[in-house]
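To start, the structure itself, in structure tokens.
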Amino acid sequence: MKNIITHNIEVIGKTEAFDVAITLNSESDGVSLYDITFSADSFFNPHPITLRWKIPAINIKGVWKPTTDFSKRIMDDWELDHMESRISVDSPVISLFGHNDNNILTFACSDPINTTKLNALYREEDNHMYCHISFFVERHHAINSHTVQLRIDQNEQHFSRSLHNVSSWWSNFKNLEPIKTPDLAKVPVYSTWYQFHQKLDPEELIKECKIASKLGYELIILDDGWQTIDENRGYDFTGDWFPERIPEMKDFVRTIHNTGMKLALWYSVPFCGKKSEAYKKFKGKFLTEEHRWAPVFDPRYPEVREHLIHLYILALNYWEIDGFKLDFIDEFKVYPDTVLTKEDGRDFSSVNLAVDRLMTDIVRSLHTINPQVVIEFRQKYTGPAMRKYGNMFRAFDCPGDATMNRVRITDIKMLSGKTAVHSDMFTYHHDEPIEIKALQIVNTLFGVPQLSVVLQKATRDELSMIRFYTKYWKTNANTFLNGKFIPQRPLANYPILKSYSDSITIIGLFDNYIIDFKEETNRVDIINGQLSQKVVLSSTDDYGAYHCIIYNCMGEKITESKIMILAGVIQIEAPVCGLIRLKKNTNT
């Protein structure tokens, strides 16, 4: 078949079975919106279709994708590892950014539920970037029509603004409307995972919560291990969710509440271990039994959905917990042995649509009991569809990796609107110097901090450090969470982050870079999240006198002085992981 060109968008793929129509819906302020329709006179099994267009590769420094972590480089068109997006994996958006962090082109699809593959690739033959999005890339159930929108943004603005606008665009679709974020989703969190794993001792956890509460932590996530005495790090006993290790769960939750903490429980939603009673009950109702960890529930069966929903209702109603960490949602997918038909008791043929129904019903049921319940998802299931069900998005596991934690928080944050974005739990070796330990927490501050540290073994300095920066975060939570967020130099792993509100600008400096000082607020805080004790500011204007207070990582005041910030460069000495506070001297 001959390729079709419509509005410079090339359609690649056979279309004998169905038609592909591309219509320009609107074009305004550098944003083009296309309607894409796939249709036929009767039901058809769709096969892969790719939409492709190109732009000159001018001033393109890198390519941003939702979960590429440290790899934001330009890929060549002979590299065939494309980004996949579906309801519980990534988001269908890619941004090409320039050498000054400006947006060159950002494109996104309105359908984050069905599976697509996207990329932007450099072709050496003509020095152009070829952008594409492919539909129906996995085995698909029969349909008679499908309509999506393609949004292409070539506005000259910071690339993070383009991503923010994509997030807002998604939120305006009725089937993608995010749930509200309760206050409990915006508090520092203590997690049991990295320090205890499955070896959970209720008495030790109560002691930890008493300390954590005094440090400013308000929620504990009880991770894997509460439901079984098995400690083999496997999932053989998932599916029933009886509190085998903590049989008096209701009393335990009440005791945790008495420490000043709320409690959320971890569930591996899709897995049904072969040693569970649920496995016997639901035999034959799995997407696959060949998963390396455990059979995967098939949410297309109403009785499977009812079973899972009942588990969470029971925990919320009877144990009076406050939230859920719903894990491994991305394992709900089409496997080689998955039959894609609506029969034999399945009320959906599509796995993705069944997941949407399952998660929608879970949230509706839980909100009926407690509208303030918190629900945490971790990368990669932090896309626009998941904002319908979750109000806490956490960076994917990166224990001991402060830089990765910062990068992942930033990448999630640009697409998540008002959904609370959490760090992965910061943790460190007990014998590290206090300033090095502090690197772990200061790299979490532009998200909501989570920790996994045995506080009973912490030194006095360590507790002072955690207390100082946790209190600092809580005092400035509105600026961190709701301020205008500007991440700089994505290809260098965001060495400078900035968030500002009407009254305060907070700058995080995480590598040896010069800060371009052009702040309009009367107060500017600079977090020296690097090992260097030199913070350099460069300005093109005269800002005048500032009252400068410098704290170390434990919150101790080191110096207090007056400095002048004039056109040119100024160097400020600050301790490793210390805080520089600049307040405008309005009397000068």
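From a predicted model like this one, the values you see are computed outputs, not experimental measurements. Basis for what follows: all heavy atoms, side chains included, without hydrogens, waters or symmetry-related copies. Numbers here are sequence positions counted from 1.
Shown here is K275, whose NZ atom has no more than 12 heavy atoms of other residues, nucleotides or ligands within 6.0 Å. Atom CD1 of I558 is surrounded by more than 12 heavy atoms from other residues, nucleotides or ligands within 6.0 Å. Within a 6.0 Å sphere centred on NZ of K388, heavy atoms belonging to other residues, nucleotides or ligands number more than 12. With a 6.0 Å radius and a threshold of 12 heavy atoms from other residues, nucleotides or ligands, D81 has its CG atom at or below the threshold.
Not counting sequence neighbours, the partners of H197 by the ring-ring contact (aromatic ring centres under 6.0 Å, His included) test are W193. Take E79 and apply the salt bridge (Lys or Arg N to Asp or Glu O under 4.0 Å) test, not counting sequence neighbours, and it matches R73. Considering only residues two or more places apart in sequence or on other chains, K413 meets the salt bridge (Lys or Arg N to Asp or Glu O under 4.0 Å) condition with none of them. Every side chain to side chain donor-acceptor pair (under 3.5 Å) that T521 has, sequence neighbours left out, goes to T505. Checked against side-chain contact (heavy atoms from CB on, under 4.5 Å), K534 has the following partners two or more places apart in sequence or in another chain: S532, Q571, E573. Every residue meeting the side-chain contact (heavy atoms from CB on, under 4.5 Å) condition with F242, not counting sequence neighbours, appears here in chain and number order: D240. Every residue two or more places apart in sequence or in another chain that forms a side-chain contact (heavy atoms from CB on, under 4.5 Å) with D516 is listed here: K518. For T67, the side chain to side chain donor-acceptor pair (under 3.5 Å) criterion is met by D90, not counting sequence neighbours. Partners of F324 according to the ring-ring contact (aromatic ring centres under 6.0 Å, His included) rule, which considers only residues two or more places apart in sequence or in another chain, are Y267, Y312. D230 is linked by a side-chain contact (heavy atoms from CB on, under 4.5 Å) to T228, N232, F237, counting only residues two or more places apart in sequence or in another chain.
The side-chain contact (heavy atoms from CB on, under 4.5 Å) with V535 is formed by just one residue from the set I550, I526, N512, I570; it is I526.
For D525 and R581, the salt-bridge test passes: some basic side-chain N is under 4.0 Å from an acidic carboxylate O. At a threshold of 4.0 Å, the pair R408-D424 does not count as salt-bridged, since none of the basic side-chain nitrogens sits closer than that to a carboxylate oxygen. Remark: D411 engages K72 in a salt bridge, criterion side-chain N to carboxylate O under 4.0 Å. Between K186 and E218 no salt bridge is recorded (no basic side-chain N to carboxylate O distance below 4.0 Å).
The nearest pair of heavy atoms linking D183 to V187 is O-CG1, 3.5 Å. Nearest heavy atom pair, residue S452 against residue M425, reads CB-CB, 3.7 Å.
Sorted by first and then second residue, the side chain to side chain donor-acceptor pair (under 3.5 Å) pairs with a member in residues 433-444 read R406-N443, K437-E462; sequence neighbours excluded. Applying the ring-ring contact (aromatic ring centres under 6.0 Å, His included) rule to pairs touching residues 428-457 yields F446-F480, sequence neighbours excluded.
Listed for the T192 side chain is a donor-acceptor partner under 3.5 Å among the backbone atoms of D223. T288 contributes a side-chain N or O that, together with a main-chain N or O of E290, makes up a donor-acceptor pair within less than 3.5 Å.
Residue S171 holds its OG atom at 10.5 Å from NZ of K418, rounded to the nearest 0.5 Å. For the atom pair CZ of F271 and OH of Y235, the computed distance is 6.5 Å after rounding to the nearest 0.5 Å.
Cation-pi geometry between R161 and F485 is not satisfied (NZ or CZ under 6.0 Å from the ring centre, within 45° of the ring normal).
With 3.5 Å as the limit, one finds a donor-acceptor pair spanning the side chains of Q456 and E208.
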